[in-house]
Amino acid sequence: MTYNAESINLNEFDINDLADISANLQISPNRGAEFIEQSLPLILQKLSHTEQDLKQKTQLMLADVLPNYERLQRLTQIGALLNDELNQQTVSIKRQYPALFKEVKHVIKYARQLLLLLQQLEQMHPSYITQAKSMTQSFSQQCSLLYDQLVKRAILVVKQPDEIIKKGNQFDTQIVLLIDIPSPTPSVRIRIISAADAELLKTGAAQCTQISPAATTVNNQGTLNFNNGNLHSHFSKKPTLKEISSRVNTAGGRRLAVTEQKYVVLYEIVLSSAVASGGTETIWALSLPIVLIVHASQLSDAYATIIWDRMFHNENEADWGQFSWLLNVIFKHITGATSRALSDSDMLYFRNKLDVKANGKLTFQQFAKNKTTADFTFWTWFESIAQLIKVKLLPYWEKGYIIGFSSKEELSEIMSRTNQAAFLLRFSDSKLGTVSLSTFRHDSSGLMYHAPYLLPLENIGSAGSIVSLLRDFDQIQHIRYICNVHSGLTDKTVVFSDPELNVVPNSGNATADGTTGYHKLTLVIKGTSTESADDQRLCDSISSSMSEASCYDNCPYASAPASNLGAVDYTDAAQSTSSRGTPNIDASLGESLHAYGSTQNQWAPSSADYLPHHVNYELNANLPSTIATAMANIDANEGLMYPHNNL
């Protein structure tokens, strides 16, 4: 909101003219009579209009302009592209607020001078002058209230402190005092207090002197120096958070995590009686809520608290429409994406993942506290992907070569529309900050097979670029097309030859955390397939370092603990062939597997039926060398791998 109120012409309120009449009444009594008859009615009418004008302007400034300014700061801190508007508002407020204060202060002085003159003129026209005095006194009182309101809100936080402050770290902040004050110039002090104490200040239930700091800060005393007509705070050294003194552990009966506890910076300026109408007064302002942490590992969860606060304040529930807008803002802010935002289908996927209520509401618990199907929260998963895009995948995302957020069922639906063998890239549901590469092809009967793998992005340092990694990826050597975000097929040579993609991405920590229990192996499995030669070329070899945890979804033993798994006769399994083209496994290997499984009690499948398509398995790192050697004869068709436990 822009403050466009017209300024009052202060020349119409000439204090010196009133003083001159007052000083010369004894010499020129006729001048007093002329003032009563000609000037006073116009002055009283003008005071009435001015009072209403100043009330409206003050109301607009305090109830609309300043709250909107804070709203812009809130949204800008979480990535909304509102910096230009915020900067314009900063300039406008720094100009208009002092001007409004000057107008109020001037007309108060004028009213006081008018009262002195009316007292001198009272004998000339007692009844009329008494009425004029009453109107002038009311005007002065109303404007004095406006003056006090403007003084109390005269601190503008033009630079908010860091949203998250780690113990031992410095932080930067700046305020502007929007009113003109006589010398000596006061100083400013900052303290960090709890959000609960901040509410007491806002409601008037406590004074600044009654509030204890919730943290110890050093270098928290600053001066106010003139800069471009305004008093700006200046700290010789940046304030530093030394200690966190107290924590608020509960809210509404629920125990709060450290990263959910909010604080604010309290700015205090002590004004002299020359400024404060009621004597010496402390004026204060509050920053936006912040979170204090002691470990870098708390940063992500703290950021979730800030995101929710900046958009929804203290509300426990949020509307899905607002929340989906927020997700897009956060996504673009973290990734740096400019040409591709999150789509409606992405949002539908998120909504289902968050299990949003039928009324379109979701809670902070759903956003950042509740675990999803995997062992992490929605926010942890979402942020890990955004960080991955920022560090390694931004051009791939922008050009649409990463499908993004889709369920396996949706992917199957997309790929069922084409008869071409293809692969696509999407984000893993089961492992943080990881890309899944999925291959799709149809057999001779028209049945489509899907084989997913985790793309080992941690290897791009040696590969040179992600394109180099894909170029060397065995599972797509004989697949020509990559599916793009528009559900179309792009020849992979177009992707591989794109100069913008043949760049080694920045190093970063947005990699998988290894919590799914997958052990990265380098053994390549090859063999002979009962499938056609054309089908065999589609998936010639598979590296067990590239299987995805979510591939276990179709295996009935995926979540079974190792202690519940019985030994399996792999001799029979090795000699069987599925009707869908399960590869024949060399009997000697089957015997070795059977012997090892009997002693180690570590194998999941109970029959060969669970070995073929759609299910990826990995080797146990401790397999005997005889098994590893024999595996050279295993057909890798359809992404066949082996399960492991206790890695």
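Source: prediction; values computed, not measured.
There is a side-chain donor-acceptor pair under 3.5 Å between Thr490 and Asn484.
In this structure, the side chains of Ile402 and Arg426 stay at 4.5 Å or more apart for every pair of heavy atoms. A 4.5 Å side-chain heavy-atom check between Val485 and Tyr401 finds every atom pair outside the cut-off. Within the 4.5 Å cutoff, side-chain heavy atoms of Val65 are placed close to those of Gln89. Proximity of Trp320 to Arg351: side-chain heavy atoms (C-beta onward) are separated by under 4.5 Å at one or more points. For the pair Val264 and Ile290, the minimum side-chain heavy-atom distance is 4.5 Å or more. Contact annotation: the side chain of Val157 never approaches that of Gln174 to less than 4.5 Å [non-hydrogen atoms, C-beta and beyond]. Counting heavy atoms from C-beta on, the side chains of Glu317 and Leu362 never come closer than 4.5 Å.
Under the salt bridge (charged side-chain N to carboxylate O under 4.0 Å, His left out) criterion, Lys166 pairs with no residue, sequence neighbours left out. Applying the side-chain hydrogen bond (donor to acceptor under 3.5 Å, both in side chains) test to Arg189 and every residue at least two apart in sequence or in another chain returns Glu268. Residues forming a side chain to side chain contact (heavy atoms under 4.5 Å, CB included) with Ala302 (at least two apart in sequence, or on another chain): Ile164, Thr259, Val291, Ile293. Scanning for ring-ring contact (aromatic ring centres under 6.0 Å, His included) contacts around Phe405 gives Phe350, Trp381, Phe427, with sequence neighbours left out. Take Glu315 and apply the salt bridge (charged side-chain N to carboxylate O under 4.0 Å, His left out) test, not counting sequence neighbours, and it matches no residue. Among residues two or more places apart in sequence or in another chain, the side-chain hydrogen bond (donor to acceptor under 3.5 Å, both in side chains) test is passed with Tyr267 by Thr173. Applying the side chain to side chain contact (heavy atoms under 4.5 Å, CB included) rule to Thr216 yields the partners Lys242, Glu243, Ser245; only residues at least two apart in sequence or on another chain are considered. Legend: residues meeting ring-ring contact (aromatic ring centres under 6.0 Å, His included) with Tyr349, ordered by chain and number and at least two apart, are absent.
For residues 293-309, the set of pairs meeting the salt bridge (Lys or Arg N to Asp or Glu O under 4.0 Å) definition, not counting sequence neighbours, comprises Arg74-Asp309, Lys262-Asp309. Among residue pairs with one or both ends in residues 156-165, none qualify as salt bridge (Lys or Arg N to Asp or Glu O under 4.0 Å); sequence neighbours excluded. Sorted by first then second residue, the salt bridge (Lys or Arg N to Asp or Glu O under 4.0 Å) pairs that include residues 370-384, not counting sequence neighbours, are Lys371-Asp375. Residue pairs meeting the salt bridge (Lys or Arg N to Asp or Glu O under 4.0 Å) criterion with at least one partner in residues 338-348, sequence neighbours excluded, are absent.
Cys208 and Thr282 make their closest contact through SG-CG2, 4.5 Å (heavy atoms, listed as atom of the first residue, atom of the second, distance). Of all heavy-atom pairs spanning Val188 and Ser233, the tightest one is CG1-CB, 4.0 Å. Looking at every heavy atom in both residues, Ile334 comes nearest to Tyr303 through CD1-CE2, 4.2 Å. For the pair Tyr69 and Val158, the tightest heavy-atom approach, listed with the atom from each and the gap, is OH-CA, 3.7 Å. In terms of heavy-atom proximity, Leu432 sits nearest to Thr434 at O-OG1, 2.8 Å. Between Thr335 and Phe331, the shortest heavy-atom contact is OG1-O, 2.7 Å.
To the nearest 0.5 angstrom, Ile482 atom CD1 is 7.0 Å from Leu470 atom CG. Here the OG atom belonging to Ser436 is positioned 12.0 Å from the CZ atom belonging to Phe423, to the nearest 0.5 angstrom. Rounded to the nearest 0.5 Å, atoms CD1 (Ile155) and CD1 (Ile175) are 4.5 Å apart. The CD1 atom of Ile165 sits 6.5 Å away from the CG atom of Leu241 when rounded to the nearest 0.5 Å.
A donor-acceptor pair under 3.5 Å links the side-chain atoms of Ser324 to the main chain of Gly321, judged by distance alone. The main-chain N or O of His295 is found under 3.5 Å from a side-chain atom of Gln298 such that the two form a donor-acceptor pair.
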Does the side chain to side chain donor-acceptor pair (under 3.5 Å) test come out yes or no for Glu260 and Thr305, once each step is laid out? CA-CA 6 Å; Glu260 294 180 77; Thr305 299; 5.8 Å; no

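For Phe323 and Phe367, the ring centers are positioned less than 6.0 Å apart.
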